[in-house]
Student: 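One structure coming up, written as structure tokens, with questions to follow.
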Amino acid sequence: MLNADKIYRYCLLGVAIVLPSPLYGAVLLFLSIAAVCWIIQKKYRGLPGSLYKKQVLLPVLLYLYIVAGFFFSENFRTALSTLSTMMAFILFPVFIGTSPLIKKELLRKINISFLISITATLLFAIIYNIINITVTGVNSVMLFDGYYHKLHSFGLTNVYHNWHPTYGAAFANLGMVILFHLYFTGQNSHTRGQKILMLCTALFLSVGIFLLDSLIGIGVYFTLLLWLLVKQQKRLRYFNTTFKKILAICILITGIAVLYLNPFNNGKIDSLKNKPLIITDVQSERNLFTMRLAKWSVYYDIFASRPVWGTTLGDIADIRKEKYIEKGFDDLALHNYNAHNQYMEILAALGVIGLSVFLMLLFSPLAGRGVNALYFPFLIICLITFCTESVLHRQQGILFFMFFYSLYTHFNLRKSAS
């Protein structure tokens, strides 16, 4: 018979399964059920003491700061909607970060569930599009401002509603990290069949990351390979030091070569190399970097006008649109794009105070007794992805970040216990 504790654990597994899939909206359903179980089992009795833990306190403080900004926002409807979106900053730390039910074995199952889900999600998209191309004879689809191959970037993810390639690449990169963690922590217990399956899964996720065509995701991929080499150097005893250094250099050179030489004729890389480095949003002149420079220049002006407190999350959209128009960035104004940079987004909307709290949230768990071994590679994924995407301003992004942040920084899963 199921009790509240078991239901709570199953709900977290449910979150891990739907989170990297197109069904990520169900995360809130699973979290709501888990919250009810948390209350029934009176887990709140230890809440006052848990709130003093920085991995719980800092997200809660950030959310309270966002709430305070709500009362100063001129756009009531957007501000109210933002409060709802950003509730992940308080829900996950409270209902997951304070729960004594989070143990090593549960985390292992959550990691495996997430790994299976992102692998299955990518596999279905690839198979579906291969069948679609075979049946229709058409290998591209018109999306946004151009055509995409059905096995590439938005053409690949178009099979799912509102599923962004950069987020998919972040999920796949975390899946790779989880896969290697599972391999190295249980290296002596895996059968030959399991090792082959792990290798095939790693190769498939690698291919998936390149098919998704997120340049920042590919950059994260090579960064994680270097991190893995450094992290596991003691386990690679059969390789001498010279070989390890050569291998690290080869990985670095390969990453640079792929991004610079562009052997797969990637259109994004071509535009980076062939378009002049000017701040513009004109379609015939811009590339993905120069367009971001235009966004960042506007966001810097917004920050400079309100450096301490920021504009509030409720008003940032209206203010940036006015600035886009003022600077003649007509296309950016038409779509009212966000910063595509999480740091700039927070700096403009929440000011120096908000960014300071956010950076403490990210790095403070590394101090003291440390965190679970998977937090650091998870942090690498987020820190790099934040450079070109406002991850926390998209529902799937903030759910992903706060779910694994609350798990990997949990006081039951410190490095000494992992």
Student: Between E322 and K327, is there a salt bridge with N-O shorter than 4.0 Å?
Tutor: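 Looking at E322 together with K327, the answer is no, because their closest N to O distance does not fall below 4.0 Å.
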
Student: Is it the case that the side chains of D318 and N75 hold a donor-acceptor pair, with the cut-off being a distance below 3.5 Å and no angle test?
Tutor: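 Yes - a donor-acceptor pair under 3.5 Å links their side chains.
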
Student: For residues P365 and Y405, report the shortest heavy-atom separation together with the two atoms involved.
Tutor: CG-OH, 3.6 Å

Student: Are V159 and W163 close enough that some pair of their side-chain heavy atoms sits under 4.5 Å apart?
Tutor: no

Student: Take D213 and Y148 through the side-chain contact (heavy atoms from CB on, under 4.5 Å) test and state the conclusion after the steps.
Tutor: CA-CA 11 Å; D213 192 33; Y148 289 85; over 6 Å; no

Student: Would the distance check show the side chain of W227 and the main-chain N or O of F222 forming a donor-acceptor pair, the cut-off being under 3.5 Å?
Tutor: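 A pair under 3.5 Å: no.
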
Student: Might you point out which heavy atoms bring T78 and L313 nearest each other, and give the distance in Å?
Tutor: CG2-O, 4.3 Å

Student: For ring-ring contact (aromatic ring centres under 6.0 Å, His included), just list the numbers for Y10 and F30, CA-CA rounded to whole Å, side-chain angles, deciding distance to a tenth of an Å, and then say yes or no.
Tutor: CA-CA 9 Å; Y10 287 138; F30 285 115; over 10 Å; no

Student: Side-chain contact test, heavy atoms from C-beta onward, threshold under 4.5 Å: evaluate it for T119 versus F204 and give yes or no.
Tutor: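 Yes, their side chains come closer than 4.5 Å.
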
Student: Can you find a heavy atom in the side chain of L151 that is under 4.5 Å from one in the side chain of I133?
Tutor: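 Side chain of L151 against side chain of I133, heavy atoms only: contact under 4.5 Å found.
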
Student: Give a yes or no answer on whether the side chain of S153 reaches the backbone of G155 with a donor-acceptor pair at less than 3.5 Å.
Tutor: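 No, the answer is negative, given that no donor and acceptor are paired below the 3.5 Å cut-off.
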
Student: If we only count heavy atoms from C-beta on, is the W296 to I279 side-chain gap below 4.5 Å?
Tutor: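 Of all side-chain heavy-atom pairs linking I279 with W296, none is under 4.5 Å.
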
Student: Can you check whether L366's main-chain N or O pairs, donor with acceptor, with Y375's side chain at less than 3.5 Å?
Tutor: no

Student: Would L374 and V177 count as a side-chain contact (heavy atoms from CB on, under 4.5 Å) if you check the C-alpha gap in whole Å, the side-chain angles of each, and the deciding distance to 0.1 Å?
Tutor: CA-CA 8 Å; L374 285 171; V177 168; 3.5 Å; yes

Student: Just say parallel, tilted or perpendicular for the rings of F184 and F180, cut-offs at 30° and 60°.
Tutor: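 If you compare the ring of F184 with that of F180, the planes turn out parallel.
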
Student: Counting only heavy atoms from other residues, nucleotides and ligands, does the tally under 6.0 Å from CH2 of W309 exceed 12?
Tutor: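 No.
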
Student: Starting from the C-alpha separation in whole Å, work towards a yes-or-no answer on side-chain contact (heavy atoms from CB on, under 4.5 Å) for L107 and N111.
Tutor: CA-CA 6 Å; L107 180 62; N111 283 331; 3.7 Å; yes

Student: When you measure from the side chain of S364 to the backbone N and O of M360, does any donor-acceptor pair fall under 3.5 Å?
Tutor: yes

Student: Can you list the residues that meet the ring-ring contact (aromatic ring centres under 6.0 Å, His included) rule with F404, with sequence neighbours excluded?
Tutor: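 In terms of ring-ring contact (aromatic ring centres under 6.0 Å, His included), with neighbours along the sequence ignored, F404 is linked to F114, F400, Y408.
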
Student: Indicate yes or no: at least one non-hydrogen side-chain atom of Y167 is less than 4.5 angstrom from one of E389.
Tutor: yes

Student: Between atom CD1 of I90 and atom CZ of F92, what is the distance when rounded to the nearest 0.5 Å?
Tutor: 13.0 Å

Student: Would the distance check show the side chain of N341 and the main-chain N or O of C387 forming a donor-acceptor pair, the cut-off being under 3.5 Å?
Tutor: yes

Student: In Å, rounded to the nearest 0.5 Å, how long is the span from CD1 of I346 to CG of L359?
Tutor: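 Result: 7.5 Å between the selected atoms.
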
Student: Working to the nearest 0.5 Å, report the span between CD1 of I110 and CG of L407.
Tutor: 5.0 Å

Student: Evaluate whether atom CZ of F376 has more than 12 neighbouring non-hydrogen atoms of other residues, nucleotides or ligands under 6.0 angstrom away.
Tutor: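 Not buried by this count: 12 neighbours or fewer within 6.0 Å.
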
Student: Supply the atom-to-atom distance L61 CG to I353 CD1, rounded to the nearest 0.5 angstrom.
Tutor: 12.0 Å

Student: Can you check whether L28 reaches Q395 side chain to side chain, under 4.5 Å on heavy atoms?
Tutor: yes

Student: So does L106 get a backbone contact from the side chain of R9, meaning a donor-acceptor N/O pair under 3.5 Å?
Tutor: no

Student: Are the side chain of Y160 and the backbone N or O of T121 linked by a donor-acceptor pair below 3.5 Å?
Tutor: yes

Student: For the pair S73 (side chain) and G69 (backbone), establish whether a donor and an acceptor sit closer than 3.5 Å, ignoring hydrogens and angles.
Tutor: no

Student: Nearest 0.5 Å, what's the SG-CG distance between C11 and L31?
Tutor: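 These two atoms lie 8.5 Å from each other.
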
Student: For A4 versus I40, what's the shortest heavy-atom pair and its separation?
Tutor: CB-CG2, 4.3 Å

Student: Could you check I216, L174, T223 and say which one makes a side chain to side chain contact (heavy atoms under 4.5 Å, CB included) with I381?
Tutor: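 Between I381 and the candidates, side chain to side chain contact (heavy atoms under 4.5 Å, CB included) is satisfied uniquely by L174.
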
Student: Can you find a heavy atom in the side chain of L212 that is under 4.5 Å from one in the side chain of T157?
Tutor: yes

Student: Using the side-chain contact (heavy atoms from CB on, under 4.5 Å) rule, take M198 and L179 through it: C-alpha gap first, then chi angles, then the decisive distance, then the call.
Tutor: CA-CA 7 Å; M198 286 181 168; L179 185 64; 3.8 Å; yes

Student: Shortest non-hydrogen contact from Y65 to V308?
Tutor: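 So the two residues come closest at OH-O, 3.9 Å.
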
Student: Report the relative orientation of the aromatic rings in F378 and F401; use parallel for angles under 30°, tilted for 30 to 60°, perpendicular for over 60°.
Tutor: parallel

Student: Is it true that atom OH of Y128 has more than 12 heavy atoms of other residues, nucleotides or ligands lying nearer than 6.0 Å?
Tutor: no

Student: Taking side-chain contact (heavy atoms from CB on, under 4.5 Å) as the definition, give me every residue that meets it alongside S390, ordered by chain and number, with sequence neighbours left out.
Tutor: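 Partners of S390 under the side-chain contact (heavy atoms from CB on, under 4.5 Å) test: N338, A339, Q342, E345, H393.
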
Student: In terms of ring plane angle, is the pair F303 and Y300 parallel, tilted or perpendicular, where the classes change at 30° and 60°?
Tutor: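 Correct class here is tilted.
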
Student: Which heavy atom in A333 sits nearest to a heavy atom in I325, and how many Å separate them?
Tutor: CB-CG1, 3.6 Å

Student: Do the side chains of T312 and I66 get nearer than 4.5 Å, heavy atoms only?
Tutor: no

Student: For N336 and R320, which I'm curious about, is there any donor-acceptor pair between the side chains at under 3.5 Å?
Tutor: yes

Student: Any donor and acceptor pair, going by atom type alone, linking the side chain of S305 with main-chain N or O of I302 inside 3.5 Å?
Tutor: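 Flag set: sc S305 to bb I302 pair under 3.5 Å.
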
Student: So, S297 side chain and A294 main chain: donor-acceptor pair closer than 3.5 Å or not?
Tutor: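 Side chain of S297 to backbone of A294: a pair is present.
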
Student: If we ignore angles and hydrogens, is there a donor and acceptor under 3.5 Å between the side chains of N158 and K150?
Tutor: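 The criterion, which ignores hydrogens and geometry beyond distance, is not satisfied for K150 and N158.
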
Student: Please check if any side-chain donor atom of Y221 sits under 3.5 Å from a side-chain acceptor atom of S206, or the reverse.
Tutor: yes

Student: If you look at every heavy atom in S214 and T166, which pair is closest and at what distance?
Tutor: OG-OG1, 3.3 Å

Student: Can you tell me which residue among L12, L101, V15 is in a side chain to side chain contact (heavy atoms under 4.5 Å, CB included) with I96?
Tutor: L12

Student: Quick one: side chain to side chain donor-acceptor pair (under 3.5 Å) partners of N162, sequence neighbours excluded?
Tutor: Y24, R394

Student: So, taking the atom named CG in L383 and the one named CG in L379, what distance separates them when rounded to the nearest 0.5 Å?
Tutor: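 Between L383 CG and L379 CG, I get 4.0 Å after rounding to 0.5 Å.
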
